[in-house]
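In this chain, numbering begins with 1 at the start of the sequence shown.
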Amino acid sequence: MGVTGMSMIESGWILYVALLALLYLFWRNVRGLSFDDLLERSAREHHTVLKVIKKHPRGGSWSEHKQWMRELEHRSQYPSRRKQPRRK
């Protein structure tokens, strides 16, 4: 085997370590949630992103996008209390 073949064999363990690290991070993120909870969270995040894109169709920098996402998430947690029209 040439030098390239040996370095590929010796460095293959790095891929396994990276895969295990990713699996651990995914497991830690979803631990204790049901599949329905995961689908609900994914749908909520998806709709939040769509709202940001609709509000800012021309886009912006990554920091602006993160700020817009935080604003939308904050508004959804604390909806404004608009006065309902009085019924007669």
Side-chain angles (χ1 to χ4, degrees):
M1 256 187 216
V3 174
T4 308
M6 284 300 289
S7 64
M8 285 178 52
I9 291 172
E10 293 172 2
S11 63
W13 64 272
I14 294 173
L15 295 175
Y16 290 109
V17 170
L19 177 63
L20 287 174
L22 284 173
L23 288 174
Y24 171 73
L25 291 173
F26 288 140
W27 173 78
R28 191 181 68 174
N29 194 21
V30 300
R31 184 179 40 183
L33 296 177
S34 69
F35 186 67
D36 289 336
D37 293 337
L38 292 173
L39 288 177
E40 184 180 313
R41 183 172 76 179
S42 177
R44 188 173 53 246
E45 291 170 352
H46 174 73
H47 291 293
T48 302
V49 169
L50 288 179
K51 287 178 186 177
V52 167
I53 291 171
K54 185 176 180 182
K55 189 173 180 180
H56 305 280
R58 295 185 55 94
S61 68
W62 179 242
S63 59
E64 288 173 325
H65 176 73
K66 290 191 299 185
Q67 177 64 33
W68 298 330
M69 290 290 290
R70 279 192 298 271
E71 289 171 0
L72 260 179
E73 289 170 357
H74 180 72
R75 277 191 219 136
S76 65
Q77 288 176 352
Y78 305 103
S80 62
R81 297 183 180 240
R82 296 181 185 165
K83 293 184 178 179
Q84 299 293 329
R86 293 186 184 187
R87 294 185 183 175
K88 292 184 180 183

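Rounding to the nearest 0.5 angstrom, the gap separating the CD1 atom in Ile53 from the OG1 atom in Thr48 is 11.0 Å. Put simply, CH2 on Trp62 and CD on Gln67 are 13.0 Å apart, with the number rounded to the nearest 0.5 Å. Rounding to the nearest 0.5 Å gives a distance of 4.0 Å between CG of Leu50 and NE2 of His46. For the atom pair Leu39 CG and Leu33 CG, the distance stands at 11.0 Å (nearest 0.5 Å). Put simply, CZ on Phe35 and CG on Asp37 are 11.0 Å apart, with the number rounded to the nearest 0.5 Å. One finds the CG atom of Leu15 at 11.0 Å from the CG atom of Leu20 (value rounded to the nearest 0.5 Å).
Residues Val17 and Ile14 fall within the same hydrophobic cluster, defined by Ile, Leu, Val, Met, Phe, Trp and Tyr side chains chained together at heavy-atom separations under 4.5 Å. A chain of hydrophobic side-chain contacts below 4.5 Å, direct or via other Ile, Leu, Val, Met, Phe, Trp or Tyr residues, connects Leu72 to Val49.
Between Val52 and Glu64, the closest side-chain pair of non-hydrogen atoms is not below 4.5 Å.
In this structure, Arg70 is not positioned above the aromatic face of Trp68 in the sense of NZ or CZ being under 6.0 Å from the six-membered ring centre and within 45° of the axis.
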